Amino acid sequence: MAALARDRVLGATALARRAALLFRSAARDDGRGLGRWQQDLRALGEAVAAAQPAMGSVLTVVETARRAAEGARTVGVGARAVRRAMDRYVRWQAGAVERAARRLPALLPRWATCLTLSSSEVVYRALLAARRRGRLERVVVAESRPGCEGVAVARRLAARGVPVSLIVDALAPVVAGEVDVVVLGADAVTRTAVWNKCGSLGVALAASVARRPTLVVTTGDRLLAPRLARRIALAEAEPRAILSRPPRGVRVINRLFDATPLRLISLVVTEEGAMQPAAVKRRLAPRWRA
């Protein structure tokens with residue numbers, strides 16, 4: 001759990017998989033009574049959600065485990081239900097990432113130049129798919145401070161034969177007007193915003209001004225209905241990552257994520273297809289029960 005909370009480099013795909021494996025292990029039948037087992041599972045869910053409160057896929061894993069355990073009459077039955085649910089999720093996730101990635105090439109102009117930031121496994125695979133299809137000429141990657149995970153993405157793409165330019169984050173809004181398309185991942189998508197690595201909002205704003213499309217490529221487990229969306233939190237990150245010893249009178253503010261209004265996004269692309277913002281809002285609309 002501590003490792004999950006400390007992680008500032010892995011993307012939502014890897015973190016959600018780690019959360020699923022945590023639930024799978026914790027749900028075992030080890031002699032606890034049903035009440036204690038359910039209490040421990042709920043506590044684990046709260047801890048996992050608090051560890052990564054901006055990760056929509058992690059919140060989806062917590063909700064999936066809760067539903068699987070709900071109504072269990074014995075620990076054995078509940079443990080098997082949670083394990084099956086987590087196994088199904090991990091299998092689904094692997095396929096969903098690939099299917100979402102394959103959607104991007106058809107949405108790009110031929111031999112496009114794309115700008116991206118941070119480390120999204122879905123975006124990485126989507127860019128490789130676009131390169132194979134002759135739709136991608138070059139990628140510009142922002143370094144993505146404070147973790148600088150964009151540097152690792154640049155290395156991975158270059159190792160696969162994709163021409164890459166690595167830029168400092170401050171240049172990203174400028175470059176947004178010089179590329180064909182901005183391609184971002186998403187840690188969560190709600191009815192109003194896309195939550196992603198800090199800097200995403202600035203890039204999307206610049207792309208909008210320059211009349212360049214911003215595409216968000218992600219998987220459906222990060223599209224959150226209002227009940228789960230309310231749990232998203234943008235916690236302050238470690239100030240020491242910016243300045244280890246700030247002088248007296250200086251407060252260091254470090255945030256890992258920001259929220260980009262959905263109206264600045266051209267398309268949200270998932271394994272199911274591409275959706276305009278209005279379609280995302282309809283899909284995530286509250287469903288009232290009679």
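Computed from a prediction, not measured in an experiment: that's the story for all the values here.
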N-O pairing of R156 and E149 below 4.0 Å: no
Salt-bridged, E271 to R103, with N to O below 4.0 Å? no
Atom pair CZ/CG of F23 and L44 - distance to nearest 0.5 Å: 4.0 Å
What is the minimum heavy-atom distance between A142 and A172, and which atoms define it? CB-CB, 4.3 Å
Is any side-chain heavy atom of T218 less than 4.5 Å from a side-chain heavy atom of T270? yes
Begin from the C-alpha positions of V82 and R24 and carry the test side chain to side chain contact (heavy atoms under 4.5 Å, CB included) through to its verdict. CA-CA 7 Å; V82 172; R24 195 186 191 288; over 6 Å; no
Do L136 and L115 share a hydrophobic cluster (ILVMFWY, side-chain heavy atoms under 4.5 Å, transitive)? no
Kindly compute the distance separating CE (M275) from OG (S266), expressed to the nearest 0.5 Å. 14.0 Å
Stepwise, does the side chain to side chain contact (heavy atoms under 4.5 Å, CB included) test hold for M86 with L21? CA-CA 7 Å; M86 296 299 96; L21 295 177; over 6 Å; no
Verdict with reasoning, W111 to R131, per side chain to side chain contact (heavy atoms under 4.5 Å, CB included): CA-CA 8 Å; W111 294 116; R131 180 70 177 180; 3.7 Å; yes
Run the salt bridge (Lys or Arg N to Asp or Glu O under 4.0 Å) test on R231 and E46 for me, step by step, so that the C-alpha distance in whole Å, both residues' side-chain angles and the decisive distance to 0.1 Å come before the verdict. CA-CA 10 Å; R231 303 196 65 176; E46 293 299 322; 3.1 Å; yes
Could you tell me whether a side-chain N or O of Q93 sits under 3.5 Å from a main-chain N or O of T13, the two making a donor and an acceptor? yes
Any side-chain heavy atom of M55 within less than 4.5 Å of one from F257? yes
Check the hydrophobic clustering (I, L, V, M, F, W, Y; side-chain heavy atoms under 4.5 Å; chains of links allowed) and say if V141 and V183 are grouped together. yes
Are L108 and V182 connected in a single hydrophobic cluster, I mean Ile/Leu/Val/Met/Phe/Trp/Tyr linked by side-chain heavy atoms less than 4.5 Å apart? no
Summary of side-chain hydrogen bond (donor to acceptor under 3.5 Å, both in side chains) pairs that have at least one residue in residues 158-178, sequence neighbours excluded: R138-S165
Of the non-hydrogen atoms in L284 and A225, which two are nearest, and what is the gap between them? CD2-N, 4.0 Å
Side-chain heavy atoms of V194 within contact of L262, under 4.5 Å: yes
Taking G78's backbone N and O only, do any of them form a donor-acceptor pair with R80's side chain (distance below 3.5 Å, no angle check)? no
In this structure, are over 12 heavy atoms from other groups packed under 6.0 Å from R145 atom CZ? no
Do the side chain of S200 and the main chain of K197 share a donor and acceptor less than 3.5 angstrom apart? yes
If you look at every heavy atom in A158 and V164, which pair is closest and at what distance? N-CG2, 4.0 Å
Indicate yes or no: at least one non-hydrogen side-chain atom of L267 is less than 4.5 angstrom from one of Q276. yes
Residue pair R191 / V280, side-chain heavy-atom distance below 4.5 Å: no
Trace of the salt bridge (Lys or Arg N to Asp or Glu O under 4.0 Å) decision for D187 with R222: CA-CA 6 Å; D187 294 305; R222 300 172 210 183; 5.5 Å; no
Within the side chain of D258, is there an N or O that forms a donor-acceptor pair under 3.5 Å with the backbone of G199? yes
In terms of heavy-atom contacts, L34 and A72 come closest through CD2-O, 3.5 Å
When rounded to the nearest 0.5 angstrom, what distance separates CG in L224 from CH2 in W195? 10.0 Å
Inter-residue atom distance D29.CG - T74.OG1, 0.5 Å rounding: 7.5 Å
Do the non-hydrogen side-chain atoms of L264 and L201 ever get within less than 4.5 Å of each other? yes
Where the side chain of S120 meets the backbone of G185, is there a donor-acceptor pair that is under 3.5 Å apart? no
Check whether R212 reaches the backbone of G177 with its side chain - one donor and one acceptor, N or O, closer than 3.5 Å. yes
Please name all residues satisfying salt bridge (Lys or Arg N to Asp or Glu O under 4.0 Å) with R32, sequence neighbours left out, ordered by chain then number. D30, D40
For residues A207 and A176, report the shortest heavy-atom separation together with the two atoms involved. N-CB, 3.9 Å
If you look only at pairs with a residue in residues 55-73, which of them pass as a side-chain hydrogen bond (donor to acceptor under 3.5 Å, both in side chains), with sequence neighbours excluded? E63-R66, E63-R67, E63-R227, R66-E70
In the structure I gave you, are the side-chain heavy atoms of I265 and T260 within less than 4.5 Å of one another anywhere? yes
Does some side-chain heavy atom of R84 sit less than 4.5 Å from a side-chain heavy atom of Y89? no
Quick check for you: to the nearest 0.5 Å, what is the distance between R255 atom CZ and I242 atom CD1? 12.0 Å
Check the hydrophobic clustering (I, L, V, M, F, W, Y; side-chain heavy atoms under 4.5 Å; chains of links allowed) and say if Y124 and V139 are grouped together. yes
Heavy-atom closest pair (A188 atom, A54 atom, distance to 0.1 Å) is CB-O, 3.9 Å
Do the side chain of S144 and the main chain of S118 share a donor and acceptor less than 3.5 angstrom apart? yes
V61 and V48: side chain to side chain contact (heavy atoms under 4.5 Å, CB included), yes or no, with the steps? CA-CA 9 Å; V61 167; V48 168; over 6 Å; no
Euclidean distance, L128 CG relative to L104 CG, rounded to 0.5 Å: 11.0 Å
Linking I/L/V/M/F/W/Y whenever any side-chain heavy atoms sit under 4.5 Å apart, do V153 and V217 land together? yes
